[in-house]
Amino acid sequence: MEILPRYNPKQVEPKILKSWLENGFFKAKITAKAKPFSIVIPPPNVTGILHMGHALNNTIQDVLIRYQRLKGSSVLWMPGTDHAGIATQNVVEKKLAKQGKNRKSLGRDNFLEEVWKWRDEYGTTIISQLEKLGASCDWERLRFTMDEAYSQAVTRVFVQLWRKKLIYQGNYIINWCPRCQTALSDEEAPRQEKEGFLYYIKYRLKNSDQFITVATTRPETMLGDVAVAVNPQDLRYQSFWGKTLILPLVEREVPLIKDKLVDSQFGTGAVKVTPAHDLADFQMASRCKELTPVLVMNPDATMNENAGVYQGMDRFQAREAIVESLKKLDLLEKIEPHSLAVGHCYRCNTIIEPYLSRQWFVRMKPLAKPAIKAVKKGDIKFYPQRWTKVYLNWMENIRDWCISRQIWWGHRIPVYYCRDCRKEVIASETKPEKCRFCKSTNLEQDQDVLDTWFSSWLWPFATFGWPFESSPVASCQLPVDIKKKKKEFEYFYPTSVLVTAPEIIFFWVARMIMAGFEFTGKLPFKDIYIHGTVRDKTGKKMSKSLGNTIDPLEVIEDFGADALRFSIILCAASGSDVYLSNERFLVGRNFSNKIWNAARFILLKIESLGIEIADFDFTQLADSEKWIIAELNQTVAAVSAHLDSFRLNEAAKEVYDFFWHDFCDWYIEIIKDDFSGTQAKVSLYILQESLKLLHPFMPFISEEIFGLIKKNTALTLPPALVVSAWPQCRKKIEPREIETFKALIKTVAEIRNIKAILGLSSRRLDLAIRTDSDHLQFLEANKIWLRRLTLADEVKFKDKNQGEDLTRVLYDNGLWQIDLDAGNISPESFVAVLDKKIQAKEAVAGKIKARLASQQFRKNAGSEKIAEEEFRLKDLQAELDRLEGLKDAYQ
RNA sequence: GGGCGAUUAGCUCAGUUGGCUAGAGUGUUUCCUUGACAUGGAAAAGGUCACAGGUUCAAGUCCUGUAUCGCCCACCA
């Protein structure tokens, strides 16, 4: 057998991945006796390429999934991608632009064909990247939000809500990009801080010389003013209440209204109300029924017919012209510099125009009710808990959801109009044949497309093939295996846990909960694990535009997927943000190598000694074996507990510490020079169980080593680690000798350290240890290890009861006596160092003693804690005795 | 403006219901290559757990306030 001393993930990972896929280990099946455990992946955008956020999100899910799989749950991890309306449309438009084409010249159908072509070609990039990461999704179930069946669910939902009168059409201010001629969501119109001006304009009172000054940053919109508003608490304007003002330039009469939205501290405390071009104004105006918005711009942001003499001017030209006119009329009081945050088109950086237009909405209040209740009752739980409040706060103040988008790529709104009589407006899963009123067949479908989230919010059940009842008018063919799908749905839904980022609690998580209740009558998932945001080491969000990204694929290339996974989990404390830098991945890489070499040692040793291992036999264990098994038991319990409560980082750390510091540093070192059959079996057993513990975090290397064990021993093992079983705690084993042995080594190390502190060479320490025959055997067996630690040329062991004095007993704790060549240490300084240590320990011991002496402590702490404290004190006391003994022996 | 979070070793971060003698990784310093691993081993230095009060037998952990930083939400024209 040949195993290289350095782990090479590049050779291992693709091979292992292939074998997992070929064997279908990730396939989900209904297993009657097993507990179902399911997760739906937060579908990445089809345009996506794997970034650290994905890596974190999917590693967490994979850890949970692999853990549950090992624990014997029937596991389903449902993968898929999101059509990501605007993002995808943009990508394709950009591609077309390079070919000198644009979507308008192509027309809707041709353009959509281009998008589909693009998606077929590039849409699986992210999927293969997730595979590389080791994500054990049931890939054969891969779903896409634009799949035929999925689209059917979307349409069904729209029609259902429409029939329940929960969908309506209304006017709303949207972010409009005049260059791209499309509406943008708030996320697509990021605000940028801009230096601008605040213009103070006088509005005259009707039939009076008095005036009110209003402040605005956008004078050109004043042409669309329909009122002036002040705060009802603002008594400065009390005399104007109920009066009418004259809008300058256009000479329109506008009322003065009171609205608590107005901040009396800002500007003059009076604000012009332009409902067609400002969201806040729109909301104010909609509270006063008699105010009708006046639109003053065309979609290309030139002024329209309502702008009078300014018609045809660009909005910024108009601004200048209007300011000039106002100046001439002496209606401009002053201009102040003012910085403000303006939305910019994320694609072309054009300044967004808030624009009044007709959009589709979902009435959210009724949907929110059960979703609020479920979280309040604790049927759905957030981890960490604090997000509960964020969620509830939003849900209780929920506003209607604007679901229409003026783009082409997406689910087209299933609403049909009659071109002839203009009366028919109907939502339908299929195109109606004729108009109900005039019988015309000249029907047309709404041009708009649904918000991407309107399909994503169905993800937890639409991915299962919901709705299972076919629509009486459904035109698309229903899947044949619909019964099977329904069964799977009933088995796996509600899903177990949702793993996602805080940014989309509102967009996605909350809406999925609402959809779950509305359409399936059940909650969509029981637990919600919200992980942190990935940031660079200075705390900035990782983003392409900042150029501070670390490419997970590069990390995989350099260190391996396991190293990436382990490192990222380790620094993702539950729910806190993840700060990353390249060095952080060294932890994972180094650990991979450590695991590799431990396995290498054990396997090569077994081979070279020709030990045949067919099964484990745990009778006749020595103390070192008992000890490591006990440590393993403890680790299994701790890791399970941590994973059960989503403390993945703690779990990972537990495995790391056990494997490295207990198993490698102590156990393997102890047995390495006395590697017999028992040691072989036990070390192999520990290795094998450790691999299971490691597997959720580091699936590739653990699987590879498992394969090596399978190949090189006669053990009967499951086909692969991924489908083996989570370790079970063996009967409790109390190790006896190992702790005293560790204490002995500590003592020796201490002497060596003191020598080093004193500036003496600690390089070599020859020593003799005299002890009773019980311990002697054990020490003899572990002599090499002791020598290695002490770097002594020779360690002599003597039986205490067999006479033969040591020349100089430096230390005697009853168990053993140590004699070493400390002759060159000056007694004063040696004792001084010891005294310092003793003092520190005594202080602590004093504290614990005081605690134990306190009546209150005894009353409140409980017997377990008291025992713990007593044990600690005893431990400390022994330590003190040891140090005192050392001191006495030396003096 | 509202809400939430953070502040612990030089750096990056852990620290579950108060019981801590405050940990890890990394960096620094010292020592260690024939026997799994230098991507390793043995050690050391480095912390009044942001600050000020409070509750408690006991506070990194709970409460109040202050400061600094960060995030989210919101309709400051």
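Chain A is the first sequence line, chain B the second, and so forth, proteins listed ahead of strands; every chain is numbered from 1.
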With the criterion being N/O to N/O and under 3.5 Å, what pairs connect the protein with nucleotides 17-20 of chain B, and how long is each?
{"from": "B:G19", "atom 1": "O2'", "to": "A:E869", "atom 2": "OE2", "distance (Å)": "3.4"}

Between A:N231 and A:V262, is there a donor-acceptor pair closer than 3.5 Å when you use the side chain of the first and the backbone of the second?
yes
Separation between the C1' atoms of B:G19 and B:G35, rounded to whole Å
46 Å
Ring geometry between A:F566 and A:F591 (parallel below 30°, tilted from 30 to 60°, perpendicular above 60°):
tilted
Within the pair A:K594 and B:G41, is there a side-chain N or O less than 4.0 Å away from OP1 or OP2?
yes
The residue, A:E650 or A:T217, whose nearest nucleotide of RNA chain B is more 5′ is A:E650
In terms of the angle between their ring planes, are A:Y656 and A:W660 parallel, tilted or perpendicular, with boundaries placed at 30° and 60°?
tilted
Considering only atom P, compute the distance from B:U7 to B:C51 and round it to an integer number of Å.
12 Å
A:K653 has its side chain closest, among B:A24, B:C72, B:G3, to B:A24
From A:L604 CG over to A:L609 CG, what is the distance, rounded to the nearest 0.5 angstrom?
10.5 Å
For the pair A:R319 (side chain) and A:P219 (backbone), establish whether a donor and an acceptor sit closer than 3.5 Å, ignoring hydrogens and angles.
no
From C-beta outward on A:N597, which listed nucleotide comes closest to its side chain: B:C37, B:A77, B:C57?
B:C37
B:G10 to B:C73 separation - C1' atoms, rounded to the nearest Å
37 Å
What integer distance in Å separates A:E669:CD from B:G41:P?
9 Å
Distance only, no hydrogens: is a donor on one side chain within 3.5 Å (strictly under) of an acceptor on the other, for A:K272 and A:T221?
yes
May I have the distance from A:I257 (atom CD1) to B:A77 (atom P), rounded to whole angstrom?
17 Å
What integer distance in Å separates A:Y200:OH from B:A77:P?
11 Å
Donor-acceptor check, side chain of A:W596 to backbone of A:N8, threshold 3.5 angstrom: yes or no?
no
Reckon A:R589 touches a base, only the sugar-phosphate, or nothing at all at heavy-atom distances under 4.0 Å?
base
With rounding to whole Å, what would you report as the distance between B:G27 and B:G46 at their C1' atoms?
11 Å
Taking the same atom, C1', in B:U21 and in B:A58, what whole-Å distance lies between them?
15 Å
For A:I352, is there any backbone N or O sitting under 3.5 Å from a side-chain donor or acceptor partner on A:N175?
no
Applying side-chain contact (heavy atoms from CB on, under 4.5 Å) between A:I568 and each of A:L56, A:L648, A:I60, A:V555, report the one that passes.
A:L56
Does either side chain, that of A:Y172 or that of A:D400, offer a donor lying less than 3.5 Å from an acceptor on the other one?
no
To the nearest angstrom, how far is A:K859 atom NZ from B:U56 atom P?
13 Å
What does A:R6 touch in the nucleic acid at a heavy-atom separation under 4.0 angstrom: a base, only the sugar-phosphate, or nothing?
base
Syn/anti state of B:U33 by chi, 90° boundary around 0:
syn
If you check the A:F506 side chain, which of B:C73, B:C37, B:A74 turns out closest?
B:C73
The test is side chain to side chain contact (heavy atoms under 4.5 Å, CB included); show your working for A:I668 and A:I602 and say whether it passes.
CA-CA 9 Å; A:I668 295 183; A:I602 293 167; 4.2 Å; yes
Closest-nucleotide ordering on RNA chain B, the 5'-leading residue of A:V844 and A:W660
A:V844
A:F382/A:W387 aromatic ring centres below 6.0 Å:
no
Separation of B:C13 C1' from A:L56 CG (nearest whole Å):
15 Å
Salt bridge check, A:E870 against A:R858: does any charged N sit closer than 4.0 Å to a carboxylate O?
yes
To the nearest Å, how far apart are A:L392 CG and B:G3 C1'?
13 Å
Given atom CG of A:D281 and atom P of B:A74, what is their separation to the nearest angstrom?
17 Å
With a non-hydrogen cut-off below 4.0 angstrom, is A:K272 in contact with a base, only sugar-phosphate, or nothing?
nothing
Can you tell me how far C1' in B:U61 sits from the matching atom in B:A50, rounded to whole Å?
16 Å
Which letters describe nucleotides 25-30 of chain B, given B = protein heavy atom under 4.0 Å from base, S = only from sugar-phosphate, - = neither?
SS----
Would you measure the distance from the C1' atom in B:G53 across to the matching atom in B:G3 and give it in whole Å?
25 Å
Charged N to carboxylate O under 4.0 angstrom, A:E654 versus A:R647?
no
Distance, P atom - from B:G18 to B:C63, rounded to whole angstrom
10 Å
Rounding to a whole Å, what distance do you find between A:R647:CZ and B:A24:P?
20 Å
Stems of at least 3 consecutive Watson-Crick or G-U wobble pairs (donor-acceptor distances under 3.5 Å) involving RNA chain B, listed by first number, are B:1-7 with B:67-73, B:10-13 with B:23-26, B:28-32 with B:40-44, B:50-54 with B:62-66
